[in-house]
Number of protein chains: 2
Amino acid sequence: MLDRLGDRWTVLVLVELSKGTRRFRELERAIPGISQRMLSLTAKRLCRDGVVERTVYPTTPPQTDYRLTPMGESLAGMVSALADWSRENKDAIGAARSRWDREHQ
Amino acid sequence: MLDRLGDRWTVLVLVELSKGTRRFRELERAIPGISQRMLSLTAKRLCRDGVVERTVYPTTPPQTDYRLTPMGESLAGMVSALADWSRENKDAIGAARSRWDREHQ
DNA sequence: CTGCATCCGCTTAGATACTG
DNA sequence: CAGTATCTAAGCGGATGCAG
C-alpha cells in the first residue's frame, strides 16, 4: 500500500485534494511539472484504492470533480504531516548531505 | 525529500531500525526480499541524509552497526504511523480495488 | 475539457560474481 | 560479515496524437 506513496505524484495530488474538491485542469495547474498522462494515471489509481472519488458532469465541455473519500482524508492527514516534517527538516537534511559529500569527496 | 520514502525499501529499513540498532546482516534478514545491493544503497542514502548513523568496528569478521539519529527517530515515528494506517485500512483498500476491478471489468 | 493509446529513452532494481 | 562491480531487463515518465 505504501508503494503508492512513492509514485512521486501521488503525495502532491493528495496534498492538493486535501485543500478541497478539484477539477482535472485545476490539479494539473496546481502541480507544476505533472503531465496529463501521469495525472490521469495517478488519479485513476487513487480512485481504485478508494481514497479518491470522481464525479463526472456530462456537460459540454465535460467536467470532472475529484475529492477525497473519508479514508482519503485520513491518509492525506498523515501525508501532510510528513510534508510538514520534510519542510521543517529540509535545512538539516541539506546540511547533512553537504557534510557527507564533503567527507566522501 | 519525500522522494526517498518512495524507494520501496527505505520505509522498511526505517521501521526495522526504529526497533533498535541493527547490523547489516540483521537488516538483510529482517527485510525479506531485499538484496545486498539495495540494502547497501538504501542505508548509504539514509546515512547521507543524516537520519541514520553507521558505526564500524574493525574486528574480524568486520561488524557495522546502524541506528537512527534523533532526526531519524522523528521521521521513523511518522513512517510507523503511516505503516499502521496501511495495516488498518488494508482490507478497505482491498475491497475498494475489488469493487473497482469488477465495475471496470 | 478530460482523458486514453502509443512510442521511446532513461532510470532503476535484481541477479550474479567478486573483494577486504 | 559487509559490502562493491557489472550486466541486463523491466518499469516509469515524457511527448505526441487522437477521441468523446
Side-chain angles (χ1 to χ4, degrees), chain A residues 1-17 20-49 51-68 100-101 103-105, chain B residues 1-14 16-17 20-49 51-68 97 100-101 103-105:
Chain A
M1 311 287 169
L2 297 174
D3 292 0
R4 190 75 74 245
L5 295 179
D7 282 356
R8 178 181 179 189
W9 300 114
T10 299
V11 170
L12 297 174
V13 170
L14 284 176
V15 169
E16 184 60 26
L17 285 181
T21 299
R22 292 287 185 275
R23 301 178 51 174
F24 190 87
R25 283 287 285 161
E26 290 175 334
L27 286 173
E28 191 181 358
R29 274 189 292 262
I31 304 174
I34 196 172
S35 63
Q36 286 190 333
R37 169 187 157 84
M38 291 319 297
L39 178 53
S40 178
L41 286 178
T42 302
K44 189 189 294 180
R45 281 193 283 250
L46 290 174
C47 286
R48 179 170 179 263
D49 291 343
V51 299
V52 166
E53 206 167 23
R54 183 168 59 174
T55 308
V56 179
Y57 301 98
T59 57
T60 50
Q63 175 175 343
T64 308
D65 284 353
Y66 293 92
R67 70 176 181 285
L68 295 175
W100 202 95
D101 291 344
E103 291 173 0
H104 297 72
Q105 158 226 13
Chain B
M1 309 286 169
L2 298 174
D3 292 0
R4 190 75 75 246
L5 294 179
D7 282 355
R8 178 182 178 190
W9 300 114
T10 299
V11 170
L12 298 174
V13 171
L14 285 177
E16 184 59 27
L17 285 180
T21 299
R22 291 288 185 275
R23 300 177 53 173
F24 189 88
R25 282 288 283 162
E26 290 175 333
L27 285 173
E28 190 181 358
R29 274 189 294 261
I31 305 173
I34 195 171
S35 63
Q36 286 190 331
R37 170 187 154 84
M38 291 318 296
L39 177 53
S40 178
L41 287 177
T42 302
K44 192 185 294 180
R45 281 193 282 250
L46 290 174
C47 286
R48 179 170 179 263
D49 290 344
V51 298
V52 165
E53 205 166 22
R54 182 168 59 174
T55 309
V56 180
Y57 301 99
T59 57
T60 50
Q63 176 174 344
T64 307
D65 284 353
Y66 293 92
R67 72 175 181 285
L68 294 175
R97 286 181 181 170
W100 203 95
D101 290 344
E103 292 174 359
H104 296 75
Q105 163 224 14

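Chain letters run A, B, ... following the sequence lines, proteins first and then strands; every chain starts at 1. The basis for the numbers below is simple: all heavy atoms, side chains too, and nothing from hydrogens, waters or symmetry mates. Predicted model, so just to flag it, every value in this text is computed and none were measured.
Listed nucleotides D/dT6, C/dT2, C/dC4 differ in distance to B/Arg37; the shortest reach to its side chain belongs to D/dT6. Ranking C/dT2, D/dG13, D/dC1 by closeness to the A/Met38 side chain, first place goes to D/dG13.
Taking atom CD1 of B/Ile34 as the reference point, atom C1' of C/dA15 lies 15 Å away to the nearest angstrom. Spacing between atom CD of B/Gln36 and atom P of C/dA13 amounts to 16 Å, rounded to whole angstrom units. Distance B/Leu27 CG to D/dA2 C1': 12 Å, rounded to the nearest Å. Rounded to an integer number of Å, the gap from A/Glu28 CD to D/dG14 P is 12 Å. Remark: C1' of D/dT4 and NE2 of A/His104 are 14 Å apart, rounded to the nearest angstrom. One can place CG of A/Asp7 at 7 Å from P of D/dC12, the figure rounded to the nearest angstrom. The distance from atom CZ of A/Phe24 to atom C1' of D/dG20 is 14 Å, rounded to the nearest whole Å. As rounded to whole Å, 9 Å separates atom C1' of D/dA2 from atom CZ of B/Arg54.
Using a 4.0 Å cut-off between charged nitrogen and carboxylate oxygen, B/Arg54 and B/Asp65 do not count as a salt-bridge pair.
Residue A/Tyr57 is out of contact with every strand shown, counting any heavy-atom pair closer than 4.0 Å. No contact: B/Ser35 has no heavy atom under 4.0 Å from any strand.
A/Glu26 has its side chain out of reach of A/Thr21: every pair of non-hydrogen atoms, C-beta onward, lies at least 4.5 Å apart.
Under a 3.5 Å cut-off, the side chain of B/Ser40 and the backbone N or O of B/Gln36 do not form any donor-acceptor pair.
For B/Tyr66 and D/dC1, the shortest distance from a side-chain N or O to OP1 or OP2 is not below 4.0 Å. Taking 4.0 angstrom as the limit, B/Lys44 places a side-chain polar atom (N or O) nearer than this to OP1 or OP2 of D/dT4. Note on B/Trp9: every side-chain N or O is 4.0 Å or more away from OP1 and OP2 of C/dT12. The side chain of A/Arg8 places an N or O atom within less than 4.0 Å of a non-bridging phosphate oxygen (OP1 or OP2) of D/dG14.
Distance CZ/B/Arg67 to OG1/B/Thr55: 4.5 Å, rounded to 0.5 Å. Separating the CD atom in A/Glu28 from the CZ atom in A/Arg22 is a distance of 14.5 Å, to the nearest 0.5 Å.
Where A/Arg45 and B/Thr64 each meet DNA chain D at their nearest nucleotide, the meeting point lying more 5' is that of B/Thr64.
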